[in-house]
Amino acid sequence: MKLQSIPILLFGLISIIFLTIFFYYPFFSILKDAFSAGENIIKGITDSTNLDVWKFTFLEATLSTILTLVIGLPAGYIFGKYNFPLKRFFLSFLTVPFVLPGVFVALGVITVLGPNGLISTVLNLTISESVAFGWIGILYAHVFYNIPLMIHWVSFSIRQSDPDIEEVARSLGSKGWHKFRRITLPTILPGIIVASLLTFIFCFLSYSVVAILGGISLRTMEVNIASTYKTFPMTGKSMAASLALLQFLIMIVFVYLYMRSLKSMTEKRKVGRSETLKKLPELSKSSIKNLMIIYLTFLFLFDAFIFIGIFNKSLRDSYTNVFTFNNFISVFSFIPNRFLGVEPYRAIFNSLFFALSSVYITSVLAVGALLLREKLSKRMLIILDTFIFLPVAASSITLALGMVRGFNTLNIFYTDVWFFIIVAHSIIGFPFIMRAFSNARDRVDPDLVDTSRSLGSNRLETLLRVEIPLMLPTIIVGMVFTFSLSIGEFTATNFLWEPQATTMPVAIYRFISMRQWGPASAMSVILALVCFVSFLIIYRLSEEGTGIF
């Protein structure tokens, strides 16, 4: 090994050391707990209570995926196939939910479908709590949250396709159902599979939506693991660890299927001329055009109700329901709040601090990992990628539970829990920012790198002065996406929570728990604005093909 390669290698090892200490060591602590009472692993799949939770988890994830497919598929097809007035507006608005945290979506469902929600107020109806706090509310939240995935991947599949194929099929007499079955469906099927797998994974691991809307009777395994450990911190640790291990093994299968499908899809290249987006049918085919308009209007209202409901509640008193700005005043207060145990403004500060810190950490780790990748053989590269991306299969609860079990003997775990929250956010975001960085690196012309090296620049100088400037749009997307993940992260933060480490999602959850709809909605509006700015940056840069989804 060349002497100048040693510093680069050491820098690259930072990501391995970080994940080893803060993910793999805590995860092996879970394994130790799980096997300390081996019968709990058996109980995890045979106990009637756990079986009911598993059944509900699979069922709600399956139904959510099917509904997302049914409602979102036409939108993906329309946005991928046609140009029409206000297309950019509709596409932007319908994809915003993906960067919103689950607590925001759950609160939105309550403000729309709750007893005093938007629908009951506008239509003067009496609506039972079971509508929002039950199956309907959970499915509504999951579909709202995951429709952007279906739109993105189906439209992406269509844009990748060769339009000459459809023209040839049409010239040979293929039309209607025959053309859809033989030409269109195979074109969009890869996008459907990728979006459906990702939707299923997100819904299977759903925590905040089900914790808020599911009550006691409806729980995903993610919620069950947290409640088992929190309710029985001594006797329940082995059972919680066993359930976390079982869930992790299940997720490995689905994440593997997703990564295989994603790799197969993104390796395909368009052949022939580029797709030319068509206009909506003219008035001579007004029936088709009207159906599209009706559908897009429904989809717009389906999403808009969530935003309108939360904004309306943010300007209403929680008890009298009269118009007021006090909710916004209260969330910026420097006076400790009895529901949070801390000044509300601190939740905003903490969220921004944690998010910016996690972006910095993950960016350094990603740069180091990129340098390390260049030093490894193909076989070692596969091992490194598996090492980096395996945490994707671990849920946020599994991650937080591992940290509790791995570091609970350290005083810093109790005095400075904010440090472990930042670490948790960094582990969650690292695979995504790493994907963004590696995709950007693959697009850099290797001749430019060789030229830089031939002119005397070392490897690190070439990376900083040549490659990173060329990679910058995608790097920014990855960093902003990581920021969005952190700013909205609730599950691990809530599990590790101490009052001084309150974030905006945790504050919203605690306000909801106390039925403080006004402050919860005001905090949600602020959180949504931060997420929306992040989305605008991602969306504008991703239009140039620099997205990380």
Side-chain angles (χ1 to χ4, degrees), residues 54-77 79-80 94-95 97-100 102 105 138-139 141-161 184-207 209-210 220-222 246-268 385-386 388-399 428-432 434-436 438-439 481 485 491 542 547-549:
W54 284 119
K55 288 176 184 177
F56 170 76
T57 304
F58 275 100
L59 182 59
E60 61 83 16
T62 302
L63 290 178
S64 296
T65 303
I66 293 172
L67 286 174
T68 302
L69 177 62
V70 170
I71 297 175
L73 177 59
Y77 181 82
F79 286 117
L94 293 175
T95 49
F98 188 74
V99 296
L100 296 174
V105 180
I138 291 172
L139 293 177
H142 284 169
V143 173
F144 170 88
Y145 195 75
N146 290 294
I147 278 179
L149 294 175
M150 196 63 63
I151 292 175
H152 173 82
W153 283 113
V154 173
S155 61
F156 178 76
S157 298
I158 292 173
R159 291 196 303 271
Q160 270 200 325
S161 66
T184 305
L185 185 59
T187 297
I188 64 177
L189 189 59
I192 292 175
I193 292 173
V194 170
S196 297
L197 284 170
L198 202 53
T199 298
F200 184 90
I201 290 170
F202 285 152
C203 295
F204 192 94
L205 298 177
S206 180
Y207 179 85
V209 167
V210 179
T220 55
M221 187 50 66
E222 189 82 336
L246 291 170
Q247 181 176 254
F248 178 75
L249 295 175
I250 293 171
M251 280 298 98
I252 284 180
V253 175
F254 284 98
V255 169
Y256 172 76
L257 293 174
Y258 164 70
M259 297 299 290
R260 283 290 301 271
S261 301
L262 182 62
K263 183 179 180 182
S264 173
M265 181 179 179
T266 54
E267 281 180 347
K268 294 181 179 179
D385 287 344
T386 302
I388 290 175
F389 288 99
L390 190 60
V392 173
S395 68
S396 296
I397 283 295
T398 302
L399 175 61
I428 292 170
F430 179 48
F432 295 96
M434 184 63 201
R435 173 172 162 76
S438 59
N439 284 349
F481 188 73
L485 285 176
T491 308
S542 294
I548 65 168
F549 293 105

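Computation of the quantities below employed the complete heavy-atom set of this structure, encompassing side-chain atoms and omitting hydrogens, waters and symmetry-equivalent molecules.
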Apply the test side chain to side chain contact (heavy atoms under 4.5 Å, CB included) to residues Asn146 and Ser64: give CA-CA distance (whole Å), side-chain angles for both, the deciding distance (0.1 Å), then the verdict. CA-CA 9 Å; Asn146 290 294; Ser64 296; 5.8 Å; no
Using side-chain contact (heavy atoms from CB on, under 4.5 Å) as the criterion, list what pairs up with Leu390, not counting sequence neighbours. Tyr24, Phe248, Ile252
Partners passing side-chain hydrogen bond (donor to acceptor under 3.5 Å, both in side chains) against Ser155 (at least two apart in sequence or in another chain): Arg159
Is there a side chain to side chain contact (heavy atoms under 4.5 Å, CB included) between His152 and Thr95 once you walk through the steps? CA-CA 8 Å; His152 173 82; Thr95 49; 5.8 Å; no
Atom pairs and distances, side-chain donor-acceptor, residues 188-202, under 3.5 Å, sequence neighbours left out:
unit_1	atom_1	unit_2	atom_2	d
Ser196	OG	Ile192	O	2.7
Thr199	OG1	Ala195	O	2.8

Between atom CE of Met434 and atom CD1 of Ile388, what is the distance when rounded to the nearest 0.5 Å? 4.5 Å
In terms of heavy-atom contacts, Pro431 and Val392 come closest through CB-CG2, 3.5 Å
Testing the basics here: between Ile151 and Gly72, what is the closest heavy-atom pair and its distance to 0.1 Å? CG1-O, 4.2 Å
I need the Tyr145 OH to Ile147 CD1 distance, nearest 0.5 Å. 13.5 Å
With sequence neighbours excluded, what pairs up with Pro74 under the side-chain contact (heavy atoms from CB on, under 4.5 Å) test? Tyr295
Report the distance from atom OG1 of Thr62 to atom CG of Leu59, rounding to the nearest 0.5 Å. 6.5 Å
Partners of Thr398 by side-chain hydrogen bond (donor to acceptor under 3.5 Å, both in side chains), sequence neighbours excluded? Ser395
On a heavy-atom basis, which atom in Gly429 and which in Leu485 lie closest, and how many Å separate them? CA-CD1, 4.2 Å
Residues which pass ring-ring contact (aromatic ring centres under 6.0 Å, His included) with Phe58, listed by chain and number, not counting sequence neighbours: Phe204
Looking at CZ of Phe144 and CZ of Phe98, how far apart are the two atoms once the value is rounded to the nearest 0.5 Å? 13.0 Å
Atom pair CG/CD1 of Leu139 and Ile66 - distance to nearest 0.5 Å: 10.5 Å
Where is the tightest heavy-atom contact between Ala141 and Val209, given as atom of each residue plus distance? CB-CG1, 3.6 Å
Please identify each residue that fulfils side-chain contact (heavy atoms from CB on, under 4.5 Å) with Ser438, with sequence neighbours left out. Leu370
For Tyr207, the side-chain contact (heavy atoms from CB on, under 4.5 Å) test, sequence neighbours excluded, returns Ala211, Glu222, Val223, Ala226, Ile397, Phe490, Thr491, Asn494
Name all residues meeting the side-chain hydrogen bond (donor to acceptor under 3.5 Å, both in side chains) criterion together with Ser206; count only those two or more places apart in sequence or in a different chain, and write none if there are none. His142
Nearest 0.5 angstrom please: Leu63 CG to Leu67 CG, how far? 6.5 Å
Taking every non-hydrogen atom, the tightest pair across Ile428 and Ser396: CD1-OG, 3.7 Å
Does any non-hydrogen side-chain atom of Met150 lie less than 4.5 Å from one of Tyr77? no
